[in-house]
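The structure appears below as structure tokens.
Order of the sequence lines fixes the chain letters, A, B, ..., with proteins taken first and strands second; residue numbering starts at 1 for each chain. Since we're looking at a predicted model, the values are computed, not measured.
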Protein chains: 2
Amino acid sequence: MAQSDTVTRILDTAEVLFAEKGFAETSLRAITTKANVNLAAVNYHFGSKKALIQAVFARFLGPMTQNLEAALDRSQSDVSNGQLTVEDILILVARVMVAESKGSPARLSMMMRLAGLAYTQGQGHLRKFLQNQYTQTFYRLMKITAEATPELKPIERFWRFHFMLGSLVFTMASLESLQAIAEHDFGVRNSELDVIDQLLPFLASGVRAGSLGSPSKGWSLD
Amino acid sequence: MAQSDTVTRILDTAEVLFAEKGFAETSLRAITTKANVNLAAVNYHFGSKKALIQAVFARFLGPMTQNLEAALDRSQSDVSNGQLTVEDILILVARVMVAESKGSPARLSMMMRLAGLAYTQGQGHLRKFLQNQYTQTFYRLMKITAEATPELKPIERFWRFHFMLGSLVFTMASLESLQAIAEHDFGVRNSELDVIDQLLPFLASGVRAGSLGSPSKGWSLD
DNA sequence: TTATGTTTTAAACACTTGTTTGATAGGTGT
DNA sequence: ACACCTATCAAACAAGTGTTTAAAACATAA
């Protein structure tokens with residue numbers, strides 16, 4: 001049981017530090033000393049720092065995608081509620097994400113940061129790892145979103161899907177900063193649940209928006 | 001003129017590399033060798049790596065905020081069009097941003113990527129720098145957004161403002177990746193202007209959305 | 001017990017990092 | 001000519017990085 005304990009303690013500590021300071025800025029020494037394990041333990045149990053990073057996210061994304069798939073199965077096999085609406089989908093995803101990050105809001109923040117890095121940081125081991133591992137669930141989400149928004153042209157739907165993703169990722173990745181500002185400026189402490197509560201109608205309304213004024217790109221010229 | 005040339009070449013190169021790989025992952029040696037300047041030039045001209053990062057931001061944000069302020073002055077002094085709508089504001093911002101990145105469309109993508117990193121990646125000094133330097137313009141934008149959306153509660157408006165910011169930053173930061181996917185999946189090559197064209201109605205509709213179903217957070221429990 | 005395989009440990013490794021140094025020009029003004 | 005300030009350069013610096021090593025401790029089973 002000593003091994004399992006060391007591995008878990010490394011993963012737990014790495015998760016927190018990665019979310020706090022980023023990947024490159026978090027050294028193995030910082031992780032191992034805070035986790036009260038020997039420095040060499042990381043390379044012994046995981047092989048390398050890269051592998052540790054992937055293991056941290058695999059521990060989060062594995063169960064999460066499983067739960068997401070299960071929730072999608074449940075919703076789609078239930079004929080009583082017929083076609084899923086955009087709100088249904090968003091709520092479904094939100095439920096799974098929040099449930100998966102239960103107890104540690106930093107987890108959600110870190111997971112979203114990875115998504116951002118995977119998209120932004122063109123090449124690198126993270127993106128490939130993510131892509132090879134979790135694309136089928138991602139495309140399934142896009143597919144049922146398509147069924148929920150038949151009025152959109154495919155290319156429109158593509159962009160709006162990523163607009164939603166952007167709001168979600170950015171908001172969750174910088175959640176702590178924004179919470180601090182909100183508390184300072186409005187004296188209100190919004191939990192992550194509060195924020196998601198505000199986010200869902202914003203996204204749902206966005207995807208169903210009409211098009212802008214008739215002449216395309218007219219805004220860009222005087 | 002040698003100094004100005006060296007400084008410019010450092011800034012140009014740093015801008016690209018920071019956007020590509022992040023701050024911590026980009027070494028001064030990588031910058032200086034690619035820029036064909038001596039390693040010590042960075043510390044000589046900027047003082048430190050931190051200062052270089054801030055200088056990269058300042059060179060872009062300085063003119064941009066100036067133009068933004070000027071555009072706001074023009075719009076607000078023009079009594080003929082009265083109160084600005086959300087669309088007006090979004091179009092105004094889009095115009096300034098596109099104009100500022102003129103000549104190098106990748107530049108906007110880079111700066112948004114940097115902004116995203118600055119928000120996400122703790123980096124205490126960067127956030128403080130941005131906050132102390134450009135908050136007045138930022139708050140002015142929030143103020144006229146408030147006037148354009150009187151129906152929203154302040155805290156609602158605060159979050160939706162950042163939801164918009166998230167969509168914008170994420171989309172622009174990952175523009176190249178998304179363009180490639182769109183071209184592969186739909187056979188359509190969308191320019192940055194096309195994307196902004198799609199983004200504006202999404203954002204405008206999002207900020208004006210109603211609230212979600214009556215019981216707050218009802219979605220989070222079964 | 002002995003033997004075997006696994007886990008932990010301290011130390012060292014090779015390498016990269018940002019920064020500093022002192023010498024060497026380059027230019028400008030007196 | 002001289003002095004003065006600025007800029008560039010190769011070299012070195014101390015500190016920190018991920019990784020490896022070989023010995024030690026531990027566990028499990030024969």
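For the pair Glu69(B)/Met64(B), no side-chain contact is recorded, criterion being any heavy-atom separation below 4.5 Å from C-beta on.
Note on His45(B): every side-chain N or O is 4.0 Å or more away from OP1 and OP2 of dT6(D). Contact between the side-chain N/O atoms of Ser27(B) and the OP1/OP2 oxygens of dT16(C) is not found at any separation under 4.0 Å. The side chain of Thr6(A) places no N or O atom within less than 4.0 Å of a non-bridging phosphate oxygen (OP1 or OP2) of dT7(C).
Note: Tyr134(A) and Tyr139(A) fail the aromatic proximity criterion, with ring centroids not under 6.0 Å apart.
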- Can you check side chain to side chain donor-acceptor pair (under 3.5 Å) on Thr8(A) and Asp5(A), steps first, answer last? CA-CA 5 Å; Thr8(A) 304; Asp5(A) 190 49; 5.9 Å; no
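Taking atom CZ on Arg9(B) and atom C1' on dA7(D), their separation rounds to 13 Å, with Å as the unit. Summarising the geometry, the separation between CG on Leu28(A) and C1' on dA11(C) is reported as 17 Å, rounded to the nearest angstrom. One atom, CG of Asn38(A), and another, C1' of dA23(D), lie 13 Å apart when rounded to the nearest Å. Look at CZ on Phe46(B): it is 15 Å from P on dG18(C), rounded to the nearest Å.
Heavy atoms of Thr26(A) sit under 4.0 angstrom from primed sugar atoms or phosphate atoms, though from no base atom.
Comment: Lys34(B) does not engage Asp12(B) in a salt bridge, judged by the lack of any side-chain N to carboxylate O separation of less than 4.0 angstrom.
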